Amino acid sequence: KLEEPLKLIIWGAPASGKGTQSELIEQKYGLVHIAAGDLLRSEVSAGSEKGKKAKEYMEKGMLVPDDVIFTVVKERLSQPDAQKNGWILDGYPRSLSQANALQDLGIRPDLFILLDVPEESLIERVLGRRLDPVTGKIYHLKNSPPENEEIAARLTQRFDDTEEKIKLRLHNHHQNEEGVLSIYKDIIFKVSGDAPKEDVFAEIDKKLSSIVKARLEMEASA
Ligand code: AP5
């Protein structure tokens, strides 16, 4: 086990598979999955002030204001489980100003995983995506269907998963891409995300294992 746990950022367009790969990374490496969108959706369902504000923007496919998202992400990162086990941050930072806010906290990940998926696949993925409200697991009607009828019957769809909203979300993503990548250019690991999820994970797993191995050797010789 590493003395200093792994800290990762996973990045990519909406529906590039960040949540799906984070689930797999979390299972194998024991990191805490911190998803900005999930944190916001829980604020929305709790009906908190932050949630009410966030919903106005999320419904339009726009980014919520920096101060709202920064507070929730910062609080989650400072929880003991994330401090102890390490984390994988998904959906933050999404702009240059957010990346700078993270740097100002002294937070720099070990690796920035960039999922690369062509636009046609992204739209198809959003339209077919379904979520299990009981387990939180992500499905796709065609690519990753539910295991049984019982799960199938309770699946829900996200309120921003429409063709109109995904086009806006993609537009915002492209506008911010260059700024975010400029901050992490020396630690970017680019992976093609346009392959079955197991194959995408195999690439990421290979890279993470080599980082863990090198770290363990370094810690042993220190
Ligand atoms: P968020 O929830 O983060 O949405 P997103 O970035 O648009 O990302 P998604 O969750 O849509 O996709 P994903 O990459 O996780 O893909 P998934 O694994 O689910 O944010 C929602 C909103 O919150 C934003 O629009 C914004 O308003 C607000 N927000 C969030 N963060 C913010 C921030 N930092 N600042 C301001 N506002 C913020 O996969 C998608 C589908 O594809 C699934 O159905 C899956 O089964 C399928 N799939 C996955 N991998 C594969 C594969 N390899 N092959 C085939 N199908 C696959």
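Order of listing sets the numbers, starting from 1, for every ligand and every atom in it. Just the heavy atoms: all of them, side chains too, but no hydrogens, waters or symmetry mates, feed the values below. Nothing here was measured: the structure is a model prediction, and the numbers come from that model.
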Between the side chains of Asp132 and Thr135, does any donor sit under 3.5 Å from an acceptor? yes

Hey, could you give me each pair passing ring pair (Phe, Tyr, Trp, His ring centres under 6.0 Å) that has a residue in residues 176-221? Not counting sequence neighbours. Phe112-Tyr184

Ring pair (Phe, Tyr, Trp, His ring centres under 6.0 Å): pairs with one or both residues in residues 161-181, sequence neighbours excluded: Trp11-His173

What's the verdict on side-chain contact (heavy atoms from CB on, under 4.5 Å) for Leu77 and Leu102, showing C-alpha distance, side-chain angles and the deciding distance? CA-CA 11 Å; Leu77 281 168; Leu102 210 54; 4.2 Å; yes

Can you tell me which residues line ligand 1 if we count any heavy atom under 4.0 angstrom from one of its atoms, in chain and number order? Ala13, Pro14, Ala15, Ser16, Gly17, Lys18, Gly19, Thr20, Ala36, Gly37, Leu40, Arg41, Met58, Met62, Leu63, Val64, Ile69, Gly91, Tyr92, Arg94, Gln98, Arg125, Arg129, Ile138, Tyr139, His140, Asn143, Arg158, Asp160, Arg169, Gly193, Ala195, Pro196, Lys197

More than 12 heavy atoms of other residues, nucleotides or ligands under 6.0 Å from CD of Glu147: is that the case? yes

Quick one: name the residues clustered hydrophobically with Leu168, using the 4.5 Å side-chain heavy-atom rule over I, L, V, M, F, W, Y, and just say none if it's on its own. none

